[in-house]
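Residue numbers begin at 1 in each chain, while the letters A, B, ... track the order of the sequences.
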There are 2 protein chains.
Amino acid sequence: MDMDRLMQSLRIGINEKIYVKDPESSDLGKRIVEQSILMINEMGFESFTFRKLGNRIGSNESSIYRYFENKHKLLLYLTSWYWGWLEYKMVFATNGIANKVEKLKKAVEILTQTVEKDNSFSHIDEIKLNEIVINEYSKSYLTKEVDQENKEGYFEIYKRLVQRLSEMIVDVDGEYPYPSSLASSILEGSLHQYFLKEHFPMLTNCDDKVTPTQYIADLVSRTLNTA
Amino acid sequence: MDMDRLMQSLRIGINEKIYVKDPESSDLGKRIVEQSILMINEMGFESFTFRKLGNRIGSNESSIYRYFENKHKLLLYLTSWYWGWLEYKMVFATNGIANKVEKLKKAVEILTQTVEKDNSFSHIDEIKLNEIVINEYSKSYLTKEVDQENKEGYFEIYKRLVQRLSEMIVDVDGEYPYPSSLASSILEGSLHQYFLKEHFPMLTNCDDKVTPTQYIADLVSRTLNTA
DNA sequence: TACTAATTGATAGTATTACTTTTATATTTG
DNA sequence: CAAATATAAAAGTAATACTATCAATTAGTA
């Protein structure tokens, strides 16, 4: 489709303080990003190390440190990229919709649905990156350094996304008193339901047939008065 | 009050596989639990080590290993204790309530409100433990070992709590299609709102005046049909 | 009280992690 | 072609997450 080509020329603007050297600026950088996604997905964030990544991409540990200070920053980079990518998808998908209710519905759908194959960014596997976000995103902000890192703007993209969603909620129901809380719950809650579906099926009603998207969409429609 | 004394004699039954030696069985064990709560709260889970804890309690690293295999297991112990404690509080508080809607309302209140001083268990600071749960609980299950550990029953208490809540939701609105998802969202969502309130105030409507409990209670009442 | 068992403490040791530093070798660019 | 820049290789450091050994206490019991 056409959006694919459009997105190929788009670059996701990530806070420059997150990396030492822009990984998009070289072949090695791209391999670091590409393979780190695969490795974190395979072995989990705690087992993943720059040494292992170096071995895998036939490069040296010290070379990777020239792109990212540490693996925490790399995780911030990957998740920022993911939220930026989702933001684009959401903005494009909802752009032409005049009806506020339909617009919000579409946004919720884009933000909570399973990620499908997307070849726009050749070296990034969005499906696996989505899995990383489900399993590891919380670890990027549940730290003692969160306030400092927030001040430095490391979570800008995510915050902007929540705010956009919050605005759409206000547009639908200006009387609803908790638009920001609902917006953050939609994103976080969706990730959580995907996790539960996989590991704690008894704690969710989502399964092969019922998606987290359906649960969240239903929750939103029950919660807001679409007068 | 009377519940305080009742709870003093109650022991929270934690899966024996979580510890090597029951920390409730000795003075050292209790100091490990007591001081680990304070330390994890102060420095965060990643910076916390058994060596540091040993120094603080004037004991040896190797002695701590006789109680817990590693700090991950200690976190599982602390969070299991917390959920077990909350479960008791919820069961007691809702026990006499005949009206299903009121009962659920009370349960949500207990499960999502800020923890207050509780002297029932002398060596455990429930307020700080609640803060640990807000900041670290996700890390206890967002691991590659989650399925194995779940099989071994390490998350039993939390699962039971979600199920109890889910049953109350069914009692209120038997037609609602996502009782388990809603129950898990109440617990997880509440923790998340507390976190946002502290670190990302723009992403929540909760603040000094509006509590996560109010947001969640409102969400539940809008979602369920209390016919 | 005296013996035994269990608990705790002290010390040291290992493998791994998370880096940093230095120096050499490619590769790119002006 | 020279100069700058990027990458690779190797080694080193401090901390972590344990494990093992053995000595010193303490507790339980005959």
Side-chain angles (χ1 to χ4, degrees), chain A residues 16-36 39-40 42-78 123 136 139-140 142-145 148-149, chain B residues 16-36 39-40 42-78 123 136 139-140 142-145 148-149:
Chain A
E16 294 186 5
K17 287 184 220 145
I18 289 183
Y19 47 77
V20 182
K21 177 180 168 158
D22 185 357
E24 289 294 318
S25 71
S26 76
D27 185 63
L28 177 60
K30 282 178 200 156
R31 261 157 56 228
I32 288 172
V33 168
E34 175 184 27
Q35 295 297 318
S36 68
M39 283 188 88
I40 292 172
E42 284 163 23
M43 60 178 63
F45 187 66
E46 357 297 316
S47 297
F48 167 81
T49 70
F50 280 1
R51 176 157 299 184
K52 290 173 186 168
L53 177 59
N55 286 337
R56 168 121 159 204
I57 65 180
S59 177
N60 197 275
E61 198 186 359
S62 60
S63 302
I64 299 168
Y65 278 103
R66 294 215 178 73
Y67 286 85
F68 295 101
E69 270 178 65
N70 50 50
K71 69 176 180 173
H72 170 68
K73 288 282 182 78
L74 171 58
L75 180 61
L76 286 174
Y77 179 88
L78 296 178
H123 65 292
E136 323 285 0
K139 298 171 193 168
S140 76
L142 293 177
T143 68
K144 277 286 164 186
E145 298 76 33
Q148 180 56 34
E149 296 189 343
Chain B
E16 294 186 6
K17 286 183 219 145
I18 288 182
Y19 47 77
V20 182
K21 176 178 169 157
D22 185 356
E24 288 294 317
S25 71
S26 75
D27 184 64
L28 177 60
K30 282 177 200 157
R31 260 159 55 229
I32 288 172
V33 168
E34 175 185 26
Q35 296 296 319
S36 68
M39 282 189 88
I40 292 172
E42 284 163 22
M43 60 178 61
F45 187 64
E46 356 297 317
S47 297
F48 168 81
T49 71
F50 279 1
R51 176 156 300 185
K52 290 173 187 168
L53 177 59
N55 286 337
R56 169 124 159 201
I57 65 180
S59 177
N60 198 273
E61 197 185 0
S62 59
S63 301
I64 299 168
Y65 277 103
R66 292 206 182 84
Y67 285 85
F68 295 101
E69 271 178 66
N70 50 50
K71 69 175 180 174
H72 170 68
K73 287 282 182 77
L74 171 58
L75 180 61
L76 287 173
Y77 179 89
L78 295 178
H123 64 295
E136 324 285 0
K139 298 172 192 168
S140 76
L142 293 178
T143 69
K144 278 286 166 188
E145 297 77 33
Q148 181 56 35
E149 296 190 343

Completion exercise
When rounded to whole Å, the CZ to C1' distance for the pair B:F45 and D:dA17 reads 12 Å
Handout entry: Gap between atoms CG and C1', on B:L53 and C:dG9 respectively (whole Å)
Key = 15 Å
Problem - Any A:S62 side-chain N or O less than 4.0 Å from OP1/OP2 of D:dA8 - result: no
Practice task
Please tell me which of the listed nucleotides, C:dG9, D:dT7, D:dT19, lies nearest to the side chain of B:Y65?
Solution key: D:dT19
Handout entry: Presence of B:Y67 side-chain N/O under 4.0 Å of C:dT8 phosphate oxygens OP1/OP2
Key = yes
Exercise for the section: Please determine if A:K144 and B:E46 form a salt bridge, counting it only when a charged side-chain N lies under 4.0 Å from a carboxylate O. Expected result: no
Practice task
Considering only NZ, NE, NH1 and NH2 on the basic side and carboxylate oxygens on the acidic side, decide whether B:K52 and B:E42 come within less than 4.0 Å.
Solution key: no
Exercise for the section: May I ask you to evaluate whether A:S63 reaches the phosphate of D:dA8, defined as a side-chain N or O under 4.0 Å from OP1 or OP2? Expected result: yes
Practice task
Whole angstrom is fine here: how far is it from CG in B:N70 over to C1' in D:dT16?
Solution key: 13 Å
Handout entry: Length of the CZ-C1' vector between B:R66 and D:dT25, whole Å
Key = 13 Å
Exercise for the section: May I have the distance from B:L28 (atom CG) to D:dT25 (atom C1'), rounded to whole angstrom? Expected result: 13 Å
Fill in the blank from the handout: From the candidates C:dA18, C:dC19, C:dT7, the one with an atom nearest any side-chain atom of B:K21 is C:dT7
Exercise for the section: Nearest-nucleotide wise, let me know which of A:F50 and B:R51 is further upstream toward the 5' end of DNA chain C. Expected result: B:R51
Exercise for the section: Please state how far atom CD1 in A:I64 lies from atom C1' in C:dA18, giving the value in whole angstrom units. Expected result: 12 Å
Exercise for the section: Decide yes or no for A:L53 and A:Q35: does some side-chain heavy atom of the first lie under 4.5 Å from some side-chain heavy atom of the second? Expected result: yes
Problem - A:K52 side-chain N/O to C:dT17 phosphate OP1/OP2 under 4.0 Å - result: yes
Practice task
Find the distance A:K73:NZ to C:dA18:C1' and express it as a whole number of Å.
Solution key: 15 Å
Fill in the blank from the handout: For B:F68 and B:F50 the tightest heavy-atom approach is O-CE2, 3.5 Å
Practice task
Ignoring backbone atoms, establish whether B:S26 has a side-chain N or O less than 4.0 Å from OP1 or OP2 of C:dT8.
Solution key: yes
Practice task
State, yes or no, whether a side-chain contact exists between A:V33 and A:Y67 at a heavy-atom distance under 4.5 Å.
Solution key: no
Practice task
Answer yes or no: is there a side-chain heavy-atom contact under 4.5 Å between B:P23 and B:I32?
Solution key: no
Practice task
Would you mind telling me which residue lines up with the more 5' stretch of DNA chain C, A:E61 or B:I57, judged by nearest nucleotide?
Solution key: B:I57
Practice task
Fit a plane to each ring of A:F48 and A:F45, take the angle between them on a 0 to 90° scale, and name the class: parallel (under 30°), tilted (30 to 60°) or perpendicular (over 60°).
Solution key: parallel
Handout entry: Distance (rounded to the nearest 0.5 Å) between B:N70 CG and B:Y65 OH
Key = 7.5 Å
Fill in the blank from the handout: B:E46 atom CD is separated from D:dA15 atom P, nearest whole Å, by 18 Å
Fill in the blank from the handout: A correct dot-bracket answer for DNA chain D, with pairs being Watson-Crick or G-U at under 3.5 Å, [ ] for crossing pairs and | for inter-strand pairs, is ||||||||||||||||||||||||||||||
Practice task
Please figure out whether B:N60 or B:K71 has its closest DNA chain D nucleotide nearer the 5' end.
Solution key: B:K71
Problem - D:dT16 phosphate, OP1 or OP2, under 4.0 Å from B:T49 side-chain N/O - result: no
